[in-house]
Amino acid sequence: MLPVPEKKTAAAELFRDRHFFSAAAFSDIRDARAAVAVPNPQAQPPASRRALILRYHRLLFSARDDPCAFDETLSFTWHDAFRPHLKHAAASLRFEKAALVFNVGAAASRIAAAHSRATEEGVRAACGEFQRAAGAFRAVGEMMEEEAAATVDMNSQASAMLERLMLAQAQECCFERALAGGKSPAVCSKVARQAALYYEEAYAALVAPPLQNHFERSWVSQVQLKTALFNAEACYRHAIDLHEKTEIGEEIARLQVGINAIVDTKRTARGAPGPLYDYASRLEQDMNKSLETAKEENYRVYLFRIPAATSLAPLPAASLVRSASLSEILEAKTENSTQSP
């Protein structure tokens, strides 16, 4: 899974004028800002980071007005999460809040990626955190609509891409649950197909301006490979269902489509983690075995016509995830809101 790194911020002497805050919050808000502005936020446990960020975010709402509108020396500086040498400074409390929400999403993605998905509980927890991360990045895009400029990681295209990527990873968790729970091949195919669609949308954004060349090649390759893998999984599970219905002709066509997706992508997706390539190879082997069996049965018994890949209807998909609302994100509830596949 792909966690999102946090944005770093420069320490600053902030909120010198007590006029904008209640007396009780004035010292707390400066201390909270200092706790957020550490040199290496990735070194801290993500749950602890989220708690610090949320505390500061809540304190910001005690402001009666935007101090930036009255203090021309006050501005907030944040670095790009993916290209830290790039930074943006703005005299805007909205920009500060948007950067904090971005980091809440980043922390949620780190928490999700750290969960062991070997158990039902771990898969549920990871799925819920990825949905919170998705909602956070969507909120960042909405909050930044009124801002004149920012680093690339906070523009509308990046926010939408990160939301789709987090939803893809949450949907992937649902696919794992569906398999572990013994759901039917038809159900598993629909869940896998939706994961592929989410990954496909994220990949399309990653290889187009303005995001093109902004993210590490390993990120792009991993999203590209997962797009192919879940399209192949959808074909494979659908083919199993077709075999049970003795629709051997379409089964053969679907298996060929899935195998081709894996083979073609493995040639171009360089830099993804080794275990992901191993997964792709195992899936390819399983599909080839099924293809050989289906071809032999068709030759010996059924003699069905094999439809062309271009004539196949798109596979049905079923989304089991959603982007969390901003209120859910800021409350950081521990319970999992994932729907069951």
Side-chain angles (χ1 to χ4, degrees), residues 1-5 82 109-110 112-119 122-123 126-127 130 133 161-162 164-180 185 188-208 211-240 252-294 309 315 317 321:
M1 297 293 189
L2 285 169
V4 176
F82 304 96
S109 74
R110 288 174 60 202
H115 274 298
S116 171
R117 302 195 310 282
T119 65
V123 175
C127 189
F130 278 129
M161 184 279 293
L162 289 172
R164 304 323 269 181
L165 178 58
M166 295 301 109
L167 287 175
Q169 296 185 134
Q171 185 78 9
E172 182 175 344
C173 291
C174 290
F175 177 72
E176 294 172 350
R177 288 175 58 199
L179 285 182
C188 292
S189 175
K190 291 177 182 179
V191 179
R193 175 58 181 156
Q194 185 60 57
L197 290 173
Y198 284 140
Y199 277 120
E200 190 174 297
E201 291 172 353
Y203 177 69
L206 282 167
V207 296
L211 305 187
Q212 188 179 29
N213 301 323
H214 190 76
F215 293 80
E216 292 183 3
R217 178 61 193 171
S218 60
W219 258 60
V220 180
S221 294
Q222 184 162 337
V223 175
Q224 180 187 10
L225 188 52
K226 284 208 171 182
T227 300
L229 281 174
F230 281 96
N231 272 321
E233 283 281 14
C235 290
Y236 183 38
R237 307 297 162 179
H238 189 68
I240 294 173
I252 292 171
R254 294 289 183 184
L255 287 169
Q256 289 175 330
V257 169
I259 292 168
N260 289 341
I262 295 176
V263 171
D264 292 344
T265 304
K266 282 170 65 177
R267 284 200 295 261
T268 58
R270 301 299 180 188
L276 203 56
Y277 289 109
D278 295 339
Y279 172 25
S281 296
R282 289 194 302 272
L283 179 58
E284 183 184 352
Q285 290 174 2
D286 291 343
M287 295 183 75
N288 272 314
K289 289 179 182 178
S290 295
L291 180 60
E292 290 174 9
T293 300
L315 289 176
V321 298

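Every value quoted in this text rests on a predicted model; they were computed, and no experiment measured them. Throughout, numbering of the chain's residues begins at 1 and tracks the sequence.
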Answer whether the closest heavy-atom distance between the side chains of [X] and [Y] falls below 4.5 Å.
X      : Y      : value
Leu276 : Leu229 : yes
Leu206 : Gln212 : no
Val4   : Trp219 : yes
Glu176 : Cys127 : no
Val207 : Gln224 : no
Leu167 : Glu201 : no
Met1   : Arg117 : yes

Let me confirm one number: the [atom1]-[atom2] distance from [X] to [Y], rounded to the nearest 0.5 Å.
X      : Y      : atom1 : atom2 : value
Ser281 : Asp286 : OG    : CG    : 11.0 Å
Arg254 : Ile240 : CZ    : CD1   : 14.0 Å
Gln222 : Thr227 : CD    : OG1   : 10.5 Å
Leu225 : Tyr279 : CG    : OH    : 10.0 Å
Leu283 : Glu233 : CG    : CD    : 4.5 Å
Arg282 : Met287 : CZ    : CE    : 14.5 Å

Of the non-hydrogen atoms in [X] and [Y], which two are nearest, and what is the gap between them?
X      : Y      : value
Ala195 : Ala168 : O-CB, 4.2 Å
Gln169 : Leu2   : OE1-N, 2.5 Å
Tyr236 : Ser290 : CE1-OG, 3.6 Å
Val321 : Cys174 : CG1-SG, 3.8 Å
Phe130 : Ser109 : CE2-O, 4.1 Å
Leu197 : Ala317 : CD1-CB, 3.9 Å

Item to complete: Go through the steps to decide whether Arg267 and Asp264 satisfy the test side-chain contact (heavy atoms from CB on, under 4.5 Å), and finish with yes or no.
Response: CA-CA 6 Å; Arg267 284 200 295 261; Asp264 292 344; 2.8 Å; yes

Worksheet item: So, Ser221 side chain and Ala272 main chain: donor-acceptor pair closer than 3.5 Å or not?
Response: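 Flag not set: sc Ser221 to bb Ala272 has no pair under 3.5 Å.
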
Worksheet item: Is a side-chain N or O of Ser189 found less than 3.5 angstrom from the main chain of Pro185, in a donor-acceptor match?
Response: no

Item to complete: Evaluate the side-chain contact (heavy atoms from CB on, under 4.5 Å) criterion for residues Lys266 and Glu284: first the C-alpha distance (whole Å), next the side-chain angles of each, then the deciding distance (0.1 Å), finally the verdict.
Response: CA-CA 11 Å; Lys266 282 170 65 177; Glu284 183 184 352; 3.2 Å; yes

Practice prompt. Please lay out, stage by stage, how Leu179 and Arg237 fare under the test side-chain contact (heavy atoms from CB on, under 4.5 Å).
Written response: CA-CA 10 Å; Leu179 285 182; Arg237 307 297 162 179; 3.8 Å; yes

Practice prompt. Decide side-chain contact (heavy atoms from CB on, under 4.5 Å) for Tyr198 and Leu165; before the verdict, give the C-alpha distance in whole Å, the side-chain angles of both, and the deciding distance to 0.1 Å.
Written response: CA-CA 7 Å; Tyr198 284 140; Leu165 178 58; over 6 Å; no

Item to complete: Describe, in one word, how the ring planes of Phe230 and Tyr199 are oriented to each other, choosing from parallel (under 30°), tilted (30 to 60°) and perpendicular (over 60°).
Response: parallel

